Undergrad: 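This is the structure, below, for whatever I ask next.
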Amino acid sequence: MLFVSNIFMTFAWYGHLNYKSTPLWIAVLVSWGIAFFEYCLVVPANRMGHSVYSAAELKTIQEVVTLIVFAGFSIWFLKEPLTINHAIGFLLILAGAYFIFKGPL
C-alpha cells in the first residue's frame, strides 16, 4: 500500500512538470485529485504499520520508498538522468535509515 500510495503522490507532486502549458490552477486541482487516492492508501498503511513500527520508523520507510519511486519516475516519466551526486545523496539517506532501525548504539 505504501509503495502504490507513493506512486500516486509522486505523480501528484511532479507529474504536472511535463505539462507546463497547462494553467497552474488546473495542475493544482488535478494534483489534489491524484493525492486523494494517495491518502486513501497511505492512511490505512500507516495505521496498520504503527502496530509494528514506531512513527519514526514509518516515516523512514516512507522516505526510502519515496526515493525509490522518485528515482524511477525521474528517469522514466520526466526523462531526467540521475547523477552520481544523486546516488551518493540517496545512499547517505539509506545510511540514516539503517541507524533508525539498528536500535540504540
Side-chain angles (χ1 to χ4, degrees):
M1 288 171 76
L2 203 54
F3 187 81
V4 174
S5 75
N6 231 285
I7 293 170
F8 279 108
M9 201 60 188
T10 301
F11 271 97
W13 284 8
Y14 302 104
H16 62 89
L17 296 178
N18 277 352
Y19 305 97
K20 292 180 181 165
S21 63
T22 301
L24 184 57
W25 68 271
I26 291 175
V28 169
L29 289 177
V30 169
S31 292
W32 280 352
I34 295 169
F36 170 77
F37 295 103
E38 184 267 345
Y39 275 84
C40 288
L41 293 168
V42 78
V43 170
N46 281 326
R47 285 245 178 138
M48 288 185 273
H50 198 247
S51 66
V52 178
Y53 301 107
S54 70
E57 290 170 335
L58 285 172
K59 183 60 179 169
T60 302
I61 293 167
Q62 174 69 26
E63 294 304 323
V64 170
V65 170
T66 297
L67 285 175
I68 292 166
V69 170
F70 181 79
F73 180 86
S74 180
I75 293 166
W76 288 297
F77 188 78
L78 296 177
K79 307 291 188 229
E80 294 183 5
L82 294 178
T83 67
I84 189 69
N85 288 13
H86 296 118
I88 292 169
F90 291 170
L91 287 173
L92 290 171
I93 291 169
L94 287 175
Y98 167 80
F99 284 104
I100 295 290
F101 285 94
K102 183 179 181 340
L105 294 177

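Side-chain atoms are counted along with the backbone in the values below, which use heavy atoms only and exclude waters and symmetry mates. Heads up: numbering here begins at 1 and tracks the sequence. This one's a predicted model, so the numbers in the text were calculated from it and none came from an experiment.
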Undergrad: To the nearest 0.5 Å, tell me how far Trp32 CH2 sits from Glu38 CD.
TA: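 Here the rounded value is 15.0 Å.
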
Undergrad: Only distances under 3.5 Å count here; give the side-chain donor-acceptor pairs of residues 9-20 to other protein atoms, sequence neighbours excluded, each with its distance to 0.1 Å.
TA:
unit_1	atom_1	unit_2	atom_2	d
Thr10	OG1	Asn6	O	2.8
His16	NE2	Trp13	O	2.9
Asn18	ND2	Phe77	O	2.9

Undergrad: Of all the heavy-atom pairs spanning Leu2 and Ala45, show the shortest one and how long it is.
TA: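 For Leu2 versus Ala45, the nearest heavy atoms are N-CB, 4.2 Å.
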
Undergrad: Are Phe8 and Val42 close enough that some pair of their side-chain heavy atoms sits under 4.5 Å apart?
TA: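 Phe8 vs Val42: side chains apart.
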
Undergrad: What residues, two or more places apart in sequence or in another chain, satisfy side chain to side chain donor-acceptor pair (under 3.5 Å) together with His86?
TA: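 With sequence neighbours excluded, His86 shows a side chain to side chain donor-acceptor pair (under 3.5 Å) to Thr83, given in chain and number order.
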
Undergrad: Following the transitive rule for hydrophobic clusters with a side-chain heavy-atom cut-off under 4.5 Å over Ile, Leu, Val, Met, Phe, Trp and Tyr, establish whether Trp25 and Phe36 coincide in one cluster.
TA: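 Shared cluster, yes.
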
Undergrad: Is there side-chain contact between Ile26 and Leu29, with at least one heavy-atom pair below 4.5 Å?
TA: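 No, side chains not in contact.
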
Undergrad: Quick one: does Leu41's side chain get under 4.5 Å of Phe37's, heavy atoms only?
TA: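 They are not in contact (no side-chain heavy atoms under 4.5 Å apart), so the answer is no.
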
Undergrad: According to a 4.5 Å side-chain heavy-atom criterion applied to Ile, Leu, Val, Met, Phe, Trp and Tyr, with indirect links allowed, do Val30 and Val28 form part of one hydrophobic cluster?
TA: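 Both belong to a single hydrophobic cluster.
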
Undergrad: Going only through I, L, V, M, F, W and Y residues with side-chain contacts under 4.5 Å, is there a path from Phe3 to Leu67?
TA: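 No, it is not one cluster - the side chains of Phe3 and Leu67 are not joined through contacts under 4.5 Å.
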
Undergrad: Do any N or O atoms from the side chain of Ser74 and from the backbone of Ala71 form a donor-acceptor pair under 3.5 angstrom?
TA: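 No, Ser74 side chain to Ala71 backbone: no donor-acceptor pair under 3.5 Å.
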
Undergrad: Applying the 4.5 Å side-chain criterion to the ILVMFWY set and letting contacts propagate, would Val69 and Ile93 be lumped into a single cluster?
TA: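 No; Ile93 is not reachable from Val69 via cluster members.
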
Undergrad: Between Met1 and Pro44, which heavy-atom pair has the shortest distance, and what is it?
TA: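 Heavy atoms only, the tightest pair is CE-CB, 3.5 Å.
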
Undergrad: Would you indicate whether Phe90, at its atom CZ, is surrounded by more than 12 heavy atoms from other residues, nucleotides or ligands within a distance under 6.0 Å?
TA: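 Enclosed.
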
Undergrad: Can you hop from Leu91 to Ile68 via hydrophobic side chains spaced under 4.5 Å?
TA: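 Yes, because Leu91 and Ile68 connect within a single hydrophobic cluster, where side-chain heavy atoms sit under 4.5 Å apart.
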
Undergrad: Hey, are the side chains of Ile61 and Phe101 touching, using non-hydrogen atoms and a 4.5 Å cut-off?
TA: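 Yes. Closest side-chain heavy atoms under 4.5 Å.
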
Undergrad: Rounded to the nearest 0.5 Å, how far does OG1 of Thr60 lie from OH of Tyr53?
TA: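 It comes to 11.5 Å.
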
